[in-house]
Amino acid sequence: MNLHEYQGKEILASFGVRIQRGIVAHSPKEAVAAAKQLTAETGTGWHVIKAQVHAGGRGKGGGVKLAKNLKEVEEIADSIIGMNLVTPQTSAAGKKVHQVLVAEDVYYPGASETSEFYMSVLLDRSKGRNMVMYSTEGGMDIEEVADKTPHLIFTEEVDPATGLLPFQARKIAFNLGLSGTAFKEMTKFVTSLYKAYVESDSNMFEINPVLKTSDDKIMAVDAKVSIDDNALYRRKQYAEMRDLREENPIEVEARSVGLSYVDLDGNVGCMVNGAGLAMATMDLIKMAGGEPANFLDVGGTADAKRVEEAFRIILKDPAVKAILINIFGGIVRCDRVAQGVVDAYKNMGDAIKVPIIVRLQGTNAELAKEIIDNSGLAVHSAVQFQEAADKVKEVLG
Ligand code: GDP
Ligand code: MN
């Protein structure tokens, strides 16, 4: 589950990580009030107005702007709230901005130069350990840094049993070229950041940029946070932060009926039981010259009701030109699934306008094929994987 920048910063602050302070506003009026409050609390004269959407690269898309007085706060907030923000990380259609974060300007001049770093905490799956990834090249697109100057990206592997050790925090601050107050601030920053990542059950905390201010404070200017969905049951305070407006509406609906569904760009809808078989099915579709329109795991109980729910979800995607049902009958019997498909098809009347290919393998597969073939419906049945692929190819023309 992804969070907004302001929510990520709230979590960071609760673990003692220094952040660029800000207040959320839903209208230009609220933005002005927020700016006044920030000035009273922090003494800042300038403010940054930041679009709150689930996408990075907002600065590049015109979603982060500096306001030098209250009139500019109002004007900028007015232009950003309600806009369709297109960034390198959104689709061409962009994302509608419902709210902005009015934040204190932290790039003020002072005794030393400001500098921007990159830092993230995430799981290194190949090692089965957490890692802190960091770079002197902050504020930029980290993929580009990784591409052009990979030697400027450091990683620090962390043993989950011990957590981030003090010598590791010092090594990170040292590699970032810091000394004196900024060095000490950075060791504190990374230690608290790591704690926030672990104790919030997150998949990722990405802070880009981490700023060294002109008076040597280290703080998070941005926050991209993703909480592990599987941990939300025990992290209720974070589960409440979910903003459904930011999520794919078909995925939201699928989740509400307990289906594991991921929307993709292709034209062949997939209904499969088991994540592994779903992945193999997507490969099969590609080999047949199609592109999967979704990943959908109906799970272990593929009864008529579930099959129907899955049909409805898949058909919400207008790009779907064919549906491939690929079910392995292990615990669930194929004939039951076949009957479920036939019943769902009948229940849905005219709703299904695309060809359907059903491949049922496992317990009672032959009987299942008979049920499909005798149903009189425009459903193609297949027993073998290749047969199913050929049928997909055929119906895609
Ligand atoms: P992103 O573009 O979505 O990654 O959004 P960020 O929160 O990283 O902001 C984009 C850029 O805005 C940063 O890299 C900074 O250069 C700039 N920025 C953010 N906060 C301030 C601020 O307080 N003052 C100034 N002058 N610039 C800021
Ligand atoms: Mn950023």
Side-chain angles (χ1 to χ4, degrees), residues 2-13 17-25 31 34-35 37-39 41-69 72-73 76-77 79-80 83-91 94-110 112-122 133-146 153 189 193 204-215 217-226 243 246:
N2 295 330
L3 298 181
H4 286 294
E5 171 197 357
Y6 79 91
Q7 297 167 323
K9 281 178 166 173
E10 250 170 53
I11 298 178
L12 287 172
V17 181
R18 191 195 293 280
I19 55 162
Q20 173 195 40
R21 301 261 324 267
I23 298 170
V24 176
Q37 193 183 329
L38 280 172
T39 300
E41 286 174 18
T42 69
T44 188
W46 293 358
H47 299 85
V48 258
I49 314 297
K50 313 179 81 178
Q52 297 297 291
V53 290
H54 287 190
R58 295 164 301 165
K60 282 185 190 147
V64 177
K65 291 209 170 113
L66 184 66
K68 297 186 177 173
N69 53 55
E72 285 182 11
V73 168
I76 294 170
S79 69
I80 294 181
M83 87 185 282
N84 238 23
L85 182 61
V86 179
T87 85
Q89 293 184 21
T90 66
S91 67
K95 291 207 117 175
K96 175 114 172 156
V97 182
H98 300 284
Q99 53 201 352
V100 290
L101 182 64
V102 180
E104 57 172 334
D105 168 41
V106 285
Y107 287 61
Y108 46 81
S112 65
E113 289 288 306
T114 58
S115 37
E116 295 181 317
F117 307 110
Y118 171 91
M119 187 172 287
S120 60
V121 187
L122 64 166
M133 192 185 287
Y134 60 103
S135 175
T136 49
E137 308 305 289
M140 317 210 297
D141 185 0
I142 197 65
E143 281 79 15
E144 202 178 310
V145 179
I153 297 183
F189 182 91
L193 173 64
M204 184 185 66
F205 260 84
E206 183 182 64
I207 317 297
N208 188 22
V210 173
L211 181 72
K212 185 197 80 64
T213 62
S214 61
D215 51 355
K217 293 189 184 104
I218 300 291
M219 66 169 67
V221 165
D222 194 3
K224 187 172 175 185
V225 175
S226 165
D243 186 349
E246 295 292 324

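Predicted, not measured: the structure shown is a model, and the values here were computed from it. Order of appearance sets the numbers: ligands from 1, and atoms from 1 within every ligand.
Nearest-heavy-atom check against atom 5 (O) of ligand 1 across Lys50, Arg21, Arg58, Lys65 picks out Arg58. Distances from atom 20 (N) of ligand 1 to the heavy atoms of Glu116, Lys9, Gln89, Gln20 put Gln20 nearest. Ranked by closest heavy atom to atom 6 (P) of ligand 1, the top entry among Ile49, Asp222, Leu66, Asp141 is Asp222.
When heavy-atom distances to ligand 1 are checked against a 4.0 Å cut-off, Thr87 has no atom that comes that close, whether in backbone or side chain. Looking at Asp105 against ligand 1, both its backbone and its side chain come within 4.0 Å, counting heavy atoms.
Exactly one residue among Ile19, Leu193, Asp222 makes a side chain to side chain contact (heavy atoms under 4.5 Å, CB included) with Ile207. That residue is Leu193.
Heavy-atom distances between His47 and ligand 1 stay at or above 4.0 Å for every pair. The closest approach between any non-hydrogen atom of Ala103 and ligand 1 is not below 4.0 Å.
In this structure a side-chain-to-backbone donor-acceptor pair under 3.5 Å is missing from Gln99 to Val97. Thr90 contributes no side-chain N or O that, together with a main-chain N or O of Lys95, makes up a donor-acceptor pair within less than 3.5 Å. Not one N or O on the side chain of Arg21 forms a donor-acceptor pair closer than 3.5 Å with the backbone of Glu104.
Atoms of ligand 1 lying under 4.0 Å from at least one heavy atom of Gly56, given by number and element, are 3 (O). Using a 4.0 Å cut-off to heavy atoms of Asn208, the atoms of ligand 1 that qualify are 8 (O). Taking every heavy atom of Val106 and a limit of under 4.0 angstrom, the matching atoms of ligand 1 come to 22 (C), 23 (O).
In this structure, CG on Asn208 lies 15.5 Å from OH on Tyr134, to the nearest 0.5 angstrom.
Of all non-hydrogen atoms in His54 and Glu246, the two that sit nearest each other are N-OE1, 2.9 Å.
Where the criterion is an N or O separation shorter than 3.5 Å, residue side chain and backbone included, Ala55 fails it with respect to ligand 1.
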